[in-house]
Amino acid sequence: MVDEAIGKAKGTVNLHYQFCEGETVLDFQKISLTTALENESNVKLQCFSTDKMKVVKEEGWYSTAYRQRSERPAIAFNIEKKDDKPVRYITVIYPFKDKNNKDKFNARFKNKKFNENELEIEVKVNGKSRVLGYKL
């Protein structure tokens with residue numbers, strides 16, 4: 001997924017994600033979160049950007065009944081927007097079964113300069129590359 005924050009406003013741009021109950025592993029260095037569930041329905045979520053990004057653990061809740069709530073993992077990917085330049089994120093959500101999965105992936109913007117009519121990104125999973133994008 002690609003998210004773009006366009007405009008003159010300055011400040012922190014936050015991209016929030018909440019997960020289901022269960023064990024998660026937050027990697028502040030790789031800017032990622034991985035679930036470690038026993039039921040073979042795991043995901044690794046990792047964000048990439050050309051801007052400096054910080055991952056922040058947040059408070060997350062869900063409810064299945066009135067006046068009852070349960071805690072769940074939640075994170076935000078934050079970028080400080082200091083000027084008129086757009087902020088762009090690539091988020092890769094990678095499903096896997098084995099909670100000890102070691103698959104590696106990476107993503108990058110191929111066209112480094114922002115263009116609202118064209119986007120091209122490259123996503124690599126275990127060395128296999130795919131180029132995704134659009135031209136309006």
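For this chain, numbers begin at 1 and follow the sequence in order. For clarity, every value in this text was computed on a predicted model and none was experimentally measured. As a basis for the values below, the full set of heavy atoms in this structure was taken, side chains included, without hydrogen atoms, waters or symmetry mates.
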> If you group Ile, Leu, Val, Met, Phe, Trp and Tyr by side-chain heavy-atom gaps below 4.5 Å, do F96 and L37 land in one group?
no
> Decide side-chain contact (heavy atoms from CB on, under 4.5 Å) for F114 and E116; before the verdict, give the C-alpha distance in whole Å, the side-chain angles of both, and the deciding distance to 0.1 Å.
CA-CA 7 Å; F114 174 76; E116 66 185 34; 3.9 Å; yes
> Hydrophobic cluster membership, with links at side-chain heavy-atom distances under 4.5 Å among I/L/V/M/F/W/Y: are L15 and I31 in one?
yes
> Tell me the closest heavy-atom pair linking A74 and G60, and the distance in Å.
CB-CA, 3.8 Å
> I need the I121 CD1 to R88 CZ distance, nearest 0.5 Å.
10.0 Å
> How close do M1 and I93 get, counting heavy atoms only, and between which atoms?
CE-CD1, 3.4 Å
> Are F19 and R72 close enough, and set up right, to give a side-chain contact (heavy atoms from CB on, under 4.5 Å), and what steps lead you there?
CA-CA 6 Å; F19 295 83; R72 68 176 173 182; 5.9 Å; no
> Quick one: CD on E71 to CD on E21, what's the gap to the nearest 0.5 Å?
9.0 Å
> Looking at Q46 and K30, would you say the former's side chain and the latter's main chain have a donor-acceptor pair under 3.5 Å?
yes
> Decide whether Y89 and L119 are clustered together by the hydrophobic rule: side chain heavy atoms of Ile, Leu, Val, Met, Phe, Trp, Tyr closer than 4.5 Å, transitively.
no
> Give the minimum heavy-atom separation between I75 and K57, together with the two atoms involved.
CG2-CA, 4.3 Å
> Are V131 and E120 close enough, and set up right, to give a side-chain contact (heavy atoms from CB on, under 4.5 Å), and what steps lead you there?
CA-CA 7 Å; V131 176; E120 205 170 52; 3.4 Å; yes
> Are Y134 and F109 joined in one hydrophobic group, where the rule is that I, L, V, M, F, W and Y side chains link up if heavy atoms are under 4.5 Å apart?
yes
> Applying side-chain contact (heavy atoms from CB on, under 4.5 Å), run through V123 and S129 and close with a yes or a no.
CA-CA 6 Å; V123 178; S129 180; over 6 Å; no
> Kindly say whether N126 contributes a backbone atom to a donor-acceptor pair with the side chain of K124 at under 3.5 angstrom?
no
> Closer than 4.0 angstrom, basic N to acidic O: yes or no for R108 and E122?
yes
> Roughly how far, to the nearest 0.5 Å, is the CD atom of E118 from the NZ atom of K113?
12.5 Å
> V125 and V92: same hydrophobic cluster, using ILVMFWY side-chain contacts below 4.5 Å?
yes
> Where do N42 and T35 land on the side chain to side chain donor-acceptor pair (under 3.5 Å) test, with the steps shown first?
CA-CA 5 Å; N42 287 291; T35 63; 2.8 Å; yes
> For H16 versus N14, what's the shortest heavy-atom pair and its separation?
NE2-CB, 3.2 Å
> Going by heavy atoms in the side chains, are E4 and V87 under 4.5 Å from each other?
no
> What is the minimum heavy-atom distance between P73 and T24, and which atoms define it?
CG-CG2, 3.6 Å
> Is the F105 ring parallel, tilted or perpendicular to the F48 ring (thresholds 30°, 60°)?
perpendicular
> Does a donor on one side chain and an acceptor on the other come within less than 3.5 Å for T12 and N78?
no
> Any idea which heavy atoms bring A65 and S63 closest together, and the distance?
O-OG, 2.7 Å
> Kindly say whether L136 contributes a backbone atom to a donor-acceptor pair with the side chain of N117 at under 3.5 angstrom?
no
> When you check the side-chain N and O atoms of Y94 and T34, is any donor under 3.5 Å from an acceptor?
no
> What is the distance from atom SG of C47 to atom CD1 of I90, rounded to the nearest 0.5 Å?
9.5 Å
> Would you call D51 and K85 a salt bridge, using N to O less than 4.0 angstrom?
yes
